[in-house]
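Because the structure is predicted, anything quoted here is derived from the model rather than measured. Numbering of ligands and ligand atoms starts at 1, following listing order.
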Amino acid sequence: MEKNLEIISSLCKRRGFIFPSSEIYGGINGFWDYGPLGSELKRNIRDAWWHFMVQWRNDVVGLDATIIMHPRVWEASGHAAGFADPMVDCKDCKKRYRADQLCEEQGKQLIRDGKNLLLPEGVVCTECGSKNLTQPRSFNLMFKTYVGPVEDDSAAAYLRPETAQAIFAEFLNIVATARKQVPFGVAQSGKSFRNEVNPRNYTFRSREFEQMELEFFIRPDEAVELICGKVTTLADNPDLTGEPQEDWGWEVWHRYWVEQRLTWYRLAGLPQEDLHLYWQTKDELAHYARACVDIEYAFPFGVQELEGIAARSDFDLTQHQKYSGKSMQVQDDRLRLACEAMTPEAKEAFKAKVIADWRARGKDALEAAQFVEDLFLGRYIPHVIEPSAGTDRLALALLCNAYDEEHLTDAKGKEDIRTVLRFAPALAPVKVAVLPLVKNKPELRDKAWKLYADLRRHWKCAWDETGAIGRRYRRQDEVGTPFCVTVDFDTLENDTVTIRLRDSMEQIRLPISEIVSYVDKSLTL
Ligand code: ATP
């Protein structure tokens, strides 16, 4: 069925998933609040990500860092100088655009002239049709603030535009405390802020949003070769579904994480056919990146990015080493032992090969020689694979995917449309609604209320005693509650209840004592 963003956003407002921030004051562009049901949905997404990426693995640990960090972090990362979007203004109607998006919408491409960007011929303001547009100007996306009472440049700080940098900034503390050896990862989810030129598509591009990011540190390929005698590449057809292998090079690790993340999105309920992979071309890649894949989803407004998975080499840690003066090298005992067993001739041959390799890639021979000397001592700066996802974007994708209108005909031939959010039960905001069949029979209501109190200790539950039972089922369908438990007169006799299933509308009879295990079975991702 064709999904309509307006219908979905109006349901989200009406049922308490998503509200415009500060609406009583007219709202604020690019900021959204998650209501009673939206906050549950987001929490479930975050938890499901954490389970899959951290808890179920032995090679990933967590971090919960601050939003404001030392401003040098953003100098080292390149955000202070380069985290900018090109912005264009219409001189007539004053509408502001992101230059690349404006061109793309009109089937054109921004022209790159050295460091400058220029608008191509024929681009017009989509609002008023005017050709009177400014040339693109660079606009830094970081929100600036001041720490302490004095508002001068020495006190300036930024709200983080991504969560990832804190992982690099805390790298040494984590290595010193977590007892993990490379390859291992550090995961973090939390708020990020970007002063987007043009927030749009509902929550898709917001100015305050949440990210779920992993930095997975791996050995440089040269270290893998010294330890294993070879480096497995994608051309070797490695099995990416089993346990990671010691001889994997960066290319295989990168592909492994793409597969892991696709698996997770499918578990979260997004159908394979709506998920797309976009491999960035050489021109699009950041200068330090070796590969970057976007996982995209077919939103009602087009196929757009949910997550980016980048192979970032040792760029980030090297930058922080340079800016902080602290060595970001790790000591790898497997590597040291492997090198100790090598003959001097084998070492020389290896060194010559690496230097030639680096030279061919336009890199410095002296640096290459130092890099190899460090490897022989078991030391290197780890490389990194970064799967970086947006929590709000996924919440929006799940809402769009879950939305369904089912055309029904009842026994009397009457037609009806049932609105239902078909969330994966593990992600549904409410798992079980408890419904007393009638509310004017105290014994029955009490029994139902007690059951509600018991079930609440397991999962988020809802209570609804108003209206006909059919209407109440529909109310729960519309917010995606997978199970309704109805307490009726038979319950008083034999302690059984009716469980009504959201997707099939099937009703089954179960003893109260079996509800928890019955529901729990459906809740694993
Ligand atoms: P875009 O090109 O869409 O601006 P990006 O490529 O700069 O995004 P990344 O820096 O790779 O995005 O951020 C990683 C993830 O964070 C994105 O895949 C997305 O899910 C999320 N994200 C980034 N910017 C926003 C935003 N303004 N609103 C909501 N989510 C965002």
Checklist entry - At under 4.0 Å between heavy atoms, which part of Leu306 makes contact with ligand 1: side chain, backbone, both or neither? => result backbone
Checklist entry - Any idea which heavy atoms bring Arg46 and Met212 closest together, and the distance? => result CA-SD, 4.2 Å
Starting from [atom], which protein heavy atom do you reach first, and at what distance in Å?
{"atom": "atom 29 (C) of ligand 1", "result": "Phe204 O, 3.2 Å"}
{"atom": "atom 4 (O) of ligand 1", "result": "Arg205 NH1, 2.8 Å"}
{"atom": "atom 19 (C) of ligand 1", "result": "Arg393 NH1, 3.3 Å"}

Item to check | Residue Asp152 excluded, over 12 heavy atoms near CG under 6.0 Å | outcome: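 Count over threshold, so yes.
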Can you list the ligand 1 atoms lying under 4.0 Å from a non-hydrogen atom of [X]?
{"X": "Gly390", "result": "20 (O), 21 (C)"}
{"X": "Gln211", "result": "13 (O), 14 (C), 15 (C), 16 (O)"}
{"X": "Arg98", "result": "4 (O)"}
{"X": "Glu305", "result": "6 (O), 11 (O), 12 (O), 17 (C), 18 (O)"}
{"X": "Glu307", "result": "18 (O)"}

Checklist entry - Sub-3.5 Å donor-acceptor pair from the side chain of His383 to the main-chain atoms of Phe217, do we have one? => result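 No; zero donor-acceptor contacts below 3.5 Å.
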Next on the checklist: Would the distance check show the side chain of Ser388 and the main-chain N or O of Gly308 forming a donor-acceptor pair, the cut-off being under 3.5 Å?
Outcome noted: no
Next on the checklist: Is the ring pair His254/Trp250 parallel, tilted or perpendicular, if the boundaries are 30 and 60 degrees?
Outcome noted: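 Tilted: the ring planes of His254 and Trp250 meet at 30° to 60°.
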Checklist entry - Within a strict 4.5 Å, meaning less than it, do heavy atoms of the Asp294 and Leu277 side chains meet? => result no
Checklist entry - To which of Ala164, Ser206, Ser388 does the heavy atom nearest atom 28 (N) of ligand 1 belong? => result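 It is Ser206 whose heavy atom sits nearest to atom 28 (N) of ligand 1.
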Checklist outcome for this item: The option among Tyr297, Phe209, Phe193 carrying the non-hydrogen atom nearest to atom 31 (C) of ligand 1 is Phe209
Checklist entry - Are any of the side-chain nitrogens in Arg502 or Asp477 under 4.0 Å away from the carboxylate oxygens of its partner? => result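 The answer is no: the pair does not qualify as a salt bridge.
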Checklist entry - Can a salt bridge be assigned to the pair Glu121 and Lys108 using a cut-off of 4.0 Å between side-chain N and carboxylate O? => result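 Result for this pair is no, no salt bridge flagged.
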Checklist entry - Would you say ligand 1 has an N or O under 3.5 Å from any N or O of Arg194? => result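 Yes; the residue has a nitrogen or oxygen that sits under 3.5 Å from a nitrogen or oxygen of the ligand.
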